[in-house]
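Worksheet: one structure, shown below.
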Amino acid sequence: MNPRGYVCSSCSTVYSANELIWRCSCGGHLDVGRAPGLAPDEIDTGRRGLWRYNKVLESPPEGPSITLGEGMTPLVPVSWEGSELLLKLDYLCPSGSFKDRGAAVMMNRLWELGVRSVAEDSSGNGGASIAAYSAAAGIDCTIFVPAHTSEGKVVQTRMYGAEVVKVPGSREDTAVAAQTFSAETGVFYASHNWHPLFVEGVKTVAYEIWEQLGFVAPDNVVAPAGFGSNVLGLYRGFSELLAAGQIARLPRIFAAQAANCAAIHDAWKGTPAGPRIPTIAEGVATSAPVRVPEILEALRESRGDTVAVSEEAIILALKSVGREFGLFVEPTTAVCAAAARQLCESGVVGPGEVTVAIMTGHGLKAVDSLSGLRPV
Ligand SMILES: *Cc1c(COP(=O)(O)O)cnc(C)c1O
Ligand SMILES: [Zn+2]
């Protein structure tokens, strides 16, 4: 079922993917071994969503037992500051965010391994997604969120039947609360930021973009980054395609962050740590990402970069995307739109290049933080 297994990023210990673990005994995070890539005729075109790439996923050959129709989201061309951009509408996944890619792959494996109750911490969308797949699978679910999380995401998570626990303090305090709960109760910690199968599922976005572009890679991909699953999923998927000889080179990967809380940006630029203060982009407000060396490797190997954007630029981009393109995204996603605009304006991304921006979360998730904004 799983020939690749998990490898520890710190001590290189190898585990079977049939083991019920979320990190190495040394405390390091685990990664799934690389898949061999895929030729166009190996796509299971009988399946519409991300399971059409089943051959490169850690899942049973016959496919998933739990699916909500995740994946195969639209790639919509728009014109932005004189450059052509392709917007990947991943917020059209079933729970309204790209997190469904990772949650679907992870929760299917946990279900097979006999897990019947999970807990995790989230800024909102990861928890909503895990709750959705838990509901579909009949798994008990407890989600820890920061006390200030958007009410839309909290209500959504509760509607899936999950228990929501609000934790005062920072995003990291929420993670500690969930891990303590899991350690004390024995409920499996199904963390989208730790479990190796989460990034494995998110990598399908790269395969999809490749297929949608007619089996070529774009020149550039821009993704919002908090813990970096999108950046790492893109890097993983396109690297597998490169190793298989299916694309000529990696797209440049750009990680977009909110300047108010830009840990990856600071690490990449090698500058002293900037502020770690609240941002309207709650989904990327991460002061301690767990996979920084891997994220920096993805940026380096792909000749990419980081972009940190101001709160004003985030709100401006959110409104522009709505008014100019008819797309309603949440502020976290507007970070990516703002970064894409900055890259076009500065000429880092040229007009003749194929550039994809990942639109990760639906605007309806965050109406409470947006209702006070004037439309234009
Ligand atoms: C979680 C999330 C992100 C950031 O993903 P990371 O894996 O933390 O980098 C971006 N956009 C939205 C809408 C999210 O929910
Ligand atoms: Zn280890």
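As the structure lists them, so they are numbered: ligands from 1, and atoms in each ligand from 1.
If you number the atoms of ligand 1 from 1 as listed, the ones under 4.0 Å from a heavy atom of A225 come out as 9 (O). Contact atoms of ligand 1 toward T332: 10 (C), 11 (N), 12 (C) (distance under 4.0 Å to a heavy atom of the residue). Near G361, meaning under 4.0 Å from one of its heavy atoms, ligand 1 places the atoms 13 (C).
Ring geometry, F181 versus F144: the interplanar angle falls from 30° to 60°, so the pair is classed tilted. Relative orientation of the W80 and F325 rings is tilted, given thresholds of 30° and 60° on the angle between their planes.
With R236 as the fixed residue, the salt bridge (Lys or Arg N to Asp or Glu O under 4.0 Å) test singles out one of E200, E301, E294: E200.
The shortest N/O to N/O separation between N193 and ligand 1 does not fall below 3.5 Å. Considering backbone and side-chain atoms alike, G228 places an N or O below 3.5 Å from some N or O of ligand 1. Among the atoms of K99, some N or O lies under 3.5 angstrom from an N or O of ligand 1. For ligand 1, the polar-atom distance check against S229 finds a nitrogen or oxygen pair separated by under 3.5 Å. Of the N or O atoms in V284, none lie within a sub-3.5 Å distance of an N or O in ligand 1.
Looking only at heavy atoms of the protein, atom 13 (C) of ligand 1 is closest to T360 OG1, 3.2 Å. Here the protein heavy atom with the shortest distance to atom 4 (C) of ligand 1 is G283 O, 3.7 Å. F227 N, 2.8 Å is the protein heavy atom nearest to atom 8 (O) of ligand 1.
When rounded to 10 degrees, the angle formed at the Zn ion (ligand 2) by SG (C11) and SG (C24) equals 110°.
Taking a cutoff of 4.0 Å between a charged side-chain nitrogen and a carboxylate oxygen, E282 and K153 qualify as a salt bridge. Between R101 and E208, at least one side-chain nitrogen of the basic residue sits less than 4.0 Å from a carboxylate oxygen of the acidic one, meeting the salt-bridge criterion. Ion pairing of E112 with R109 is present here, as a side-chain N (NZ or NE/NH1/NH2) and a carboxylate O approach within less than 4.0 Å.
No side-chain heavy atom of Y133 sits under 4.5 Å from any side-chain heavy atom of S95. In this structure the side chain of L343 reaches within 4.5 angstrom of the side chain of V307, judged on heavy atoms.
The residue from F198, Y91, F98 that puts a heavy atom closest to atom 5 (O) of ligand 1 is F98.
When non-hydrogen atoms are compared, ligand 1 lies under 4.0 Å from the side chain of E330 (C-beta onward) but not from its backbone. Neither the backbone nor the side chain of V231 has a heavy atom within less than 4.0 Å of ligand 1.
A cation-pi geometry, defined here as NZ or CZ lying under 6.0 Å from the six-membered ring centre and within 45° of its normal, holds between R116 and W111.
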